[in-house]
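To start, the structure under review is shown below, and the notes come after it.
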Amino acid sequence: MNIVSSTQQICFLILTIIIIGGSLGVVLINNIVYSAFLLGGVFMSVAGLYLLLNASFVAAAQVLVYVGAVNVLILFAIMLVNKREELKPIKGLKIRKFFSGIVCGGLLLLLFRVDITTKWSLPGPKAIGEEATERIGEHLFTDYLLPFELASVLLLMAMIGAIVLARRDIFIDKAQINIQQQNLIDNSNNIALIDQSED
Amino acid sequence: MINSEAPIPLEAYLLVASILFCIGVWGLINSRNAVRVLMSIELMLNAVNINMMAFSSYIDGDLIRGQVFTVFVITVAAAEAAVGLAILLSLYRNRTTVDMESFNLLKW
């Protein structure tokens with residue numbers, strides 16, 4: 001037990017406590033804004049775990065994409081749909097939560113059993129550490145080239161789809177204005193004047 | 001069974017990831033706020049990412065294929081978050097609520 005391994009173990013323990021406690025808070029806390037900020041904390045601690053696993057590139061990507069993009073997006077969504085509403089009580093909610101808790105606990109026990117009883121082929125090859133970024137680049141442009149290109153197409157599709165879904169529909173108003181213009185050919189040069197005269 | 005040379009055994013990472021995954025599943029089932037459902041999905045994706053990073057570091061240390069797949073998962077998660085929140089916004093405009101129990105648009 002030298003100082004390097006004990007430091008790693010202490011860091012792992014702290015990060016684990018933050019991850020588990022933070023994710024419990026994300027699921028259980030009633031105020032959704034607190035949940036979103038705790039989610040950011042969980043993402044940061046997961047990035048810390050990646051640093052413990054000798055993966056600095058993916059840790060940086062995790063911080064940039066998850067904390068910087070996904071979490072901010074979630075906060076924007078919370079601000080846009082933030083309406084204090086009392087959710088209607090539905091009967092059997094407690095029982096539903098209890099049974100789903102039992103199911104999730106069973107899944108957890110199953111995963112624990114698989115984790116502990118499986119003989120992992122350890123120790124594997126030595127970790128390459130700092131050369132990881134170059135190796136990821138090699139993978140991306142040789143044997144994982146097709147998924148890489150598919151990811152770019154997927155991001156483009158997601159961006160266009162999100163814009164189409166989230167924009168306000170102003171097509172209807174324009175169509176109505178066009179119909180008005182076609183009906184009132186005489187006064188078609190100024191729509192504002194028509195509206196005022198109708199008022 | 002448990003590797004005593006490494007300061008942190010592989011099993012510890014897998015235990016943390018499975019706990020995180022089960023919390024995500026529970027939140028996905030039980031949340032009534034639609035934003036919280038999306039957050040639970042992100043928790044589950046992060047659990048899977050921790051698993052892949054641990055395997056990539058301990059078992060596949062020279063060809064870190066798990067890290068490449070983690071990058072892909074992060075990409076897909078970003079796309080999923082964007083589209084999911086856009087769907088949520090358009091649902092909110094039509095129904096003026098974020099209660100999951102009132103979204104029965106696909107019910108036959």
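Convention: sequence-line order gives letters A, B, ...; per-chain numbering from 1. Nothing here was measured: the structure is a model prediction, and the numbers come from that model.
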Rounded at 0.5 Å granularity, tell me how far CD in B:Glu42 sits from OG in A:Ser23.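 Going from the CD atom of B:Glu42 to the OG atom of A:Ser23 covers 13.5 Å.
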What I'd like to find out is whether the side chain of [X] reaches to under 4.5 Å of the side chain of [Y], using heavy atoms alone.
{"X": "B:Val98", "Y": "B:Arg32", "answer": "no"}
{"X": "A:Tyr66", "Y": "A:Met44", "answer": "no"}
{"X": "A:Val27", "Y": "B:Arg36", "answer": "no"}
{"X": "B:Phe21", "Y": "B:Leu43", "answer": "no"}
{"X": "B:Asn33", "Y": "B:Met100", "answer": "no"}
{"X": "B:Glu11", "Y": "A:Thr118", "answer": "no"}
{"X": "A:Leu80", "Y": "B:Leu89", "answer": "yes"}

Side chain, backbone, both or neither: which part of [X] has an atom under 4.5 Å from a heavy atom of chain B?
{"X": "A:Ala55", "value": "both"}
{"X": "A:Leu52", "value": "both"}
{"X": "A:Val46", "value": "side chain"}
{"X": "A:Glu138", "value": "neither"}
{"X": "A:Phe76", "value": "neither"}
{"X": "A:Val26", "value": "both"}

Which region of [X], side chain (C-beta onward) or backbone (N, CA, C, O), has a non-hydrogen atom less than 4.5 Å from a non-hydrogen atom of chain A, or is it both or neither?
{"X": "B:Glu101", "value": "side chain"}
{"X": "B:Thr70", "value": "side chain"}
{"X": "B:Ile87", "value": "both"}
{"X": "B:Leu28", "value": "neither"}
{"X": "B:Ala34", "value": "neither"}
{"X": "B:Ile29", "value": "side chain"}
{"X": "B:Val16", "value": "side chain"}
{"X": "B:Tyr13", "value": "both"}

Using distance alone, with no hydrogens and no angle criterion, decide if [X] and [Y] have a side-chain donor and acceptor under 3.5 Å apart.
{"X": "B:Asp99", "Y": "B:Ser102", "value": "no"}
{"X": "A:Asn54", "Y": "B:Ser57", "value": "no"}
{"X": "A:Gln62", "Y": "B:Asn49", "value": "no"}

When only pairs under 4.5 Å are counted, which of [options] shares the most heavy-atom pairs with chain B?
{"options": "A:Ile32, A:Thr16, A:Leu39", "answer": "A:Ile32"}
{"options": "A:Ala77, A:Ala151, A:Pro147", "answer": "A:Pro147"}
{"options": "A:Val81, A:Ile128, A:Val58", "answer": "A:Val81"}
{"options": "A:Leu49, A:Asn71, A:Leu111, A:Leu108", "answer": "A:Leu108"}
{"options": "A:Pro125, A:Ser121, A:Gly161", "answer": "A:Pro125"}

Counting heavy-atom pairs under 4.5 Å with chain A, which one of [options] comes out on top?
{"options": "B:Ala81, B:Ser40, B:Ala86", "value": "B:Ala86"}
{"options": "B:Gly27, B:Ala78, B:Ser18", "value": "B:Ser18"}
{"options": "B:Ile74, B:Val25, B:Thr75", "value": "B:Ile74"}

Might you work through the salt bridge (charged side-chain N to carboxylate O under 4.0 Å, His left out) test for A:Lys126 and A:Glu131, ending with a clear yes or no? CA-CA 12 Å; A:Lys126 194 166 162 42; A:Glu131 299 171 19; over 6 Å; no
Hey, do the aromatic rings of A:Tyr50 and A:Phe57 have their centres closer than 6.0 Å?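 So the answer is no for these two rings.
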